[in-house]
> 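My questions all concern the structure below.
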Amino acid sequence: QVQPVESGGGSVQAGGSLRLSCTIPHNLPSNRCMAWFRQAPGKEREGVASIAISSPTYADSVKHRFTISRDNTQRTLSLQMNGLKPEDSAKYFCAAKRDSTWPCRFEAFEYDYWGQGTQVSVSE
């Protein structure tokens, strides 16, 4: 299995929490960058959080609210989202880089493997 598979999206009220999960491709070494991106209707895809071995990076809009984590044993990438806001509503995508270049930037073109996405909707 090469393509990541996301799960955990849903609908919540503002201030609520959701946890997204993504399966890491079975052939991907544990030091490759992985990231969460999101895309709202009519907007460009934007990076939310990324991680390689450690030292996660976050977009300013989600800092101190979202936490990215990686379990190489279980081969899962997670995104814990707290304090959700209506502007967080989007389709969230898990992505992985094939090569070992760092840092893990929020440039979508640098990522080779993409999941189908999972929808997150936050109401007032």
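Basis for what follows: all heavy atoms, side chains included, without hydrogens, waters or symmetry-related copies. In this text, all values refer to a predicted model and were calculated from it rather than measured experimentally.
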> Listing request: all ring pair (Phe, Tyr, Trp, His ring centres under 6.0 Å) pairs with a residue in residues 48-88, at least two apart in sequence or in separate chains.
none
> Give a yes or no on whether E87 atom CD has more than 12 heavy-atom contacts from other residues, nucleotides or ligands under 6.0 Å away.
yes
> For residues 38-59, which residue pairs pass the salt bridge (Lys or Arg N to Asp or Glu O under 4.0 Å) check, not counting sequence neighbours?
R38-E46, R38-D88
> I'd like to check the side-chain contact (heavy atoms from CB on, under 4.5 Å) partners of S100; sequence neighbours left out, ordered by chain and number.
N31, R32
> Run the side-chain contact (heavy atoms from CB on, under 4.5 Å) test against S89 and tell me which residues pass, sequence neighbours left out.
V122
> Are L77 and W114 connected, step by step, through hydrophobic side chains (Ile, Leu, Val, Met, Phe, Trp, Tyr) whose heavy atoms are closer than 4.5 Å?
no
> Run the salt bridge (charged side-chain N to carboxylate O under 4.0 Å, His left out) test against D112 and tell me which residues pass, sequence neighbours left out.
R98
> Listing request: all ring pair (Phe, Tyr, Trp, His ring centres under 6.0 Å) pairs with a residue in residues 92-111, at least two apart in sequence or in separate chains.
F37-Y111
> Do S17 and N82 have side-chain atoms, one donor and one acceptor, less than 3.5 Å apart?
yes
> What pairs meet the side chain to side chain donor-acceptor pair (under 3.5 Å) rule with one or both residues in residues 47-57, with sequence neighbours excluded?
none
> Once disulfide (SG to SG under 2.5 Å) is applied, what residue pairs with a partner in residues 67-110 remain, sequence neighbours excluded?
C22-C94, C33-C104
> Excluding sequence neighbours, so at least two apart, what forms side chain to side chain donor-acceptor pair (under 3.5 Å) with N72?
R70
> Suppose the criterion is salt bridge (Lys or Arg N to Asp or Glu O under 4.0 Å): which pairs have a residue in residues 16-25, not counting sequence neighbours?
none
> Under the disulfide (SG to SG under 2.5 Å) rule, what pairs show up with a residue in residues 61-93, not counting sequence neighbours?
none
> Who passes side-chain contact (heavy atoms from CB on, under 4.5 Å) against T101, sequence neighbours left out?
K97, D99
> Give a yes or no answer on whether the side chain of E6 reaches the backbone of G117 with a donor-acceptor pair at less than 3.5 Å.
yes
